[in-house]
Peer 1: 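One structure is given below, represented as structure tokens, and several questions about it will come after.
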There are 2 protein chains.
Amino acid sequence: MPRPRSLTGPRIADAALAVLDRDGAAALTMRAVAAELGMGTMSLYRYVTGREELEELVVERVLSAVDTGVPGGPWESRLAELAERVRAALLGHPGALPLMQARRHRAPSSHRWGEAVLGALTEAGFAGEDRVVAFRLFSGYVIGALQAEHLGPLAGEGTGALAALEGEGLPLLGETAACARSVPDAEAFRRGVRILLRGLAAEAAPER
Amino acid sequence: MPRPRSLTGPRIADAALAVLDRDGAAALTMRAVAAELGMGTMSLYRYVTGREELEELVVERVLSAVDTGVPGGPWESRLAELAERVRAALLGHPGALPLMQARRHRAPSSHRWGEAVLGALTEAGFAGEDRVVAFRLFSGYVIGALQAEHLGPLAGEGTGALAALEGEGLPLLGETAACARSVPDAEAFRRGVRILLRGLAAEAAPER
DNA sequence: GTCGTAGGCGTACGAGATACCCCTACGGAT
DNA sequence: ATCCGTAGGGGTATCTCGTACGCCTACGAC
């Protein structure tokens, strides 16, 4: 063997994540990451084939922080816990959310999380196409809700702008926006999961 | 008045949408849209302040196709119908999905849709913070599911790759992926909505 | 006519991704 | 010790974008 690689995947992912967290999604460029690693732009290409692979590394790095060990308890609370863990891992790196949405299908950690979710769904009695539907529902909500939370936090300025619409033919929206300020994002997410699980429980119960 | 504008917002949005649909999201550039309109790149800046505003026009254009008239029937079927309408409008323009996710907060059509959703939720008995939670849940799922559908269709190649994981410690994922091929996207979406509505119904019933 | 604004365009610049090519340094094999 | 092959590290050049800026033209009101 001629010579060991001097840079590992995780090391590169760390640098990219540092750039992402510090300067935002738009700043995640090959140049910036190379600079973060203390090397010239083109040197980075020794380790990743291009921007795509760099982003995949970031996604896997973020998702690898999600504990996919099977939590205890009944299936409902296990799913709630799994949802919570993803949220916790992603909140520290909001800039990675769009990347994850686009590239999670390639991330092994994402697969492990999916396996854990499917385990809980199976225990709930879902199988076959029903399980496919339930899985898509659950993961779709988790990702969608996190994305929405990041792009338009309940307590953010966007909500304030919406509240001003009350008088313009959108009374409910204005009222809801005003009220939304007092609902912490974490609570909205958690309660949403709970309602969703209620639906899943109702669906599972009479069928098996 | 010196001279009428020779290009309207919708006209520009149409051109941008044509580019988007024909050549994909990456091809939606100022240059391409200007060319589509038969003018030089910089001429486009007479009508939009920059790329951001162009994207907002596209989003509003796509969402304006969503009928936000209040459908009839009980609140559950109204919500199902509203979800379906968004899906129908967006399926014709998959490239607009990421744009919509990021910019829907500024689109009047999005507000009108939200108002209709809130109307149904109110009828269901939701109010105050409960209604905020329910609204976030519903819209989060609709957007998240559509995005997931576009990025990793149930019947797409990604699913095939997942099916190969069956033997690698991810048995459920492999099995589910194989089974997923036979579930049409439309059906998965619809059934997901139905389950979610079941959860909302259960949540609403005992409280009011 | 004359003037002011909108229309329309071309040029120029900075940033980004990345193909291509260069020199250097190490690690083994000789 | 010497030499070769590969990895390391980098520089340059090209193409694409967004967009600031400035120029000329045409139209409409007076």
Side-chain angles (χ1 to χ4, degrees), chain A residues 1-61 95-96 98-100 102-103 106, chain B residues 1-61 95-103 106:
Chain A
M1 66 220 68
R3 197 174 159 181
R5 308 279 285 182
S6 68
L7 232 51
T8 67
R11 172 84 188 82
I12 295 171
D14 279 343
L17 204 50
V19 172
L20 188 63
D21 291 342
R22 177 164 24 89
D23 305 321
L28 186 68
T29 68
M30 295 297 284
R31 293 183 211 279
V33 173
E36 182 78 18
L37 286 164
M39 47 169 64
T41 307
M42 295 314 293
S43 303
L44 186 50
Y45 282 86
R46 285 272 167 198
Y47 302 94
V48 292
T49 60
R51 196 207 167 104
E52 285 221 341
E53 193 173 314
L54 180 69
E55 293 185 349
E56 281 175 22
L57 284 177
V58 171
V59 171
E60 173 56 25
R61 179 71 174 69
L99 299 183
M100 195 202 39
R103 308 202 187 281
R106 298 212 182 281
Chain B
M1 66 220 66
R3 197 175 160 181
R5 308 280 283 183
S6 68
L7 231 52
T8 67
R11 172 84 189 82
I12 295 171
D14 278 343
L17 204 50
V19 172
L20 188 63
D21 291 341
R22 177 165 20 90
D23 305 321
L28 187 68
T29 67
M30 296 297 285
R31 292 181 210 276
V33 174
E36 182 79 18
L37 286 165
M39 47 168 67
T41 307
M42 295 314 293
S43 304
L44 186 51
Y45 282 85
R46 287 271 169 199
Y47 302 93
V48 293
T49 60
R51 196 204 167 107
E52 284 223 341
E53 194 173 313
L54 180 69
E55 294 185 350
E56 281 175 23
L57 284 177
V58 171
V59 170
E60 172 56 25
R61 179 70 175 69
L97 251 163
L99 300 182
M100 195 201 42
Q101 200 154 24
R103 308 202 187 279
R106 298 212 181 279

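Letters A, B, ... mirror the listed sequences (proteins, then strands); counts begin at 1.
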Peer 1: Return the CD to CG distance between B:Glu55 and B:Leu20, rounded to the nearest 0.5 Å.
Peer 2: 9.5 Å
Peer 1: Just how far, in rounded Å, is C1' of D:dG18 from CE of B:Met42?
Peer 2: 8 Å
Peer 1: Ignoring backbone atoms, establish whether A:Ser43 has a side-chain N or O less than 4.0 Å from OP1 or OP2 of D:dG10.
Peer 2: yes
Peer 1: Of the nucleotides C:dG7, D:dG18, D:dC21, which one has an atom closest to the side chain of B:Tyr47?
Peer 2: C:dG7
Peer 1: Within the supplied structure, the quantity of interest is the number of heavy atoms (other residues, nucleotides, ligands) at a distance under 6.0 Å from B:Arg106 CZ; does it exceed 12?
Peer 2: no
Peer 1: Quick test of your reading of the model: are A:Glu36 and A:Arg22 salt-bridged, counting only N-O distances below 4.0 Å?
Peer 2: yes
Peer 1: What's A:Met30 touching, base or sugar-phosphate or nothing? Going by heavy atoms closer than 4.0 Å.
Peer 2: sugar-phosphate
Peer 1: Between A:Arg31 and B:Gly38, which has a closest nucleotide on DNA chain C that is more 5'?
Peer 2: B:Gly38
Peer 1: Hey, is the side chain of A:Arg46 poking within less than 4.0 Å of OP1 or OP2 on D:dG8, counting only N and O atoms?
Peer 2: no
Peer 1: Rounded to the Å, how far apart are A:Leu44 CG and C:dT18 P?
Peer 2: 10 Å
Peer 1: Please work out if B:Met39 contacts a base, only the sugar-phosphate, or nothing of the nucleic acid, heavy-atom cut-off 4.0 Å.
Peer 2: sugar-phosphate
Peer 1: Answer yes or no: does a side-chain N or O of B:Arg51 lie under 4.0 Å from OP1 or OP2 of D:dG18?
Peer 2: yes
Peer 1: Any chance you could measure B:Thr41, atom OG1, to B:Arg31, atom CZ, to the nearest 0.5 Å?
Peer 2: 5.0 Å
Peer 1: For D:dG9, does OP1 or OP2 lie under 4.0 Å from any side-chain N or O of A:Tyr45?
Peer 2: no
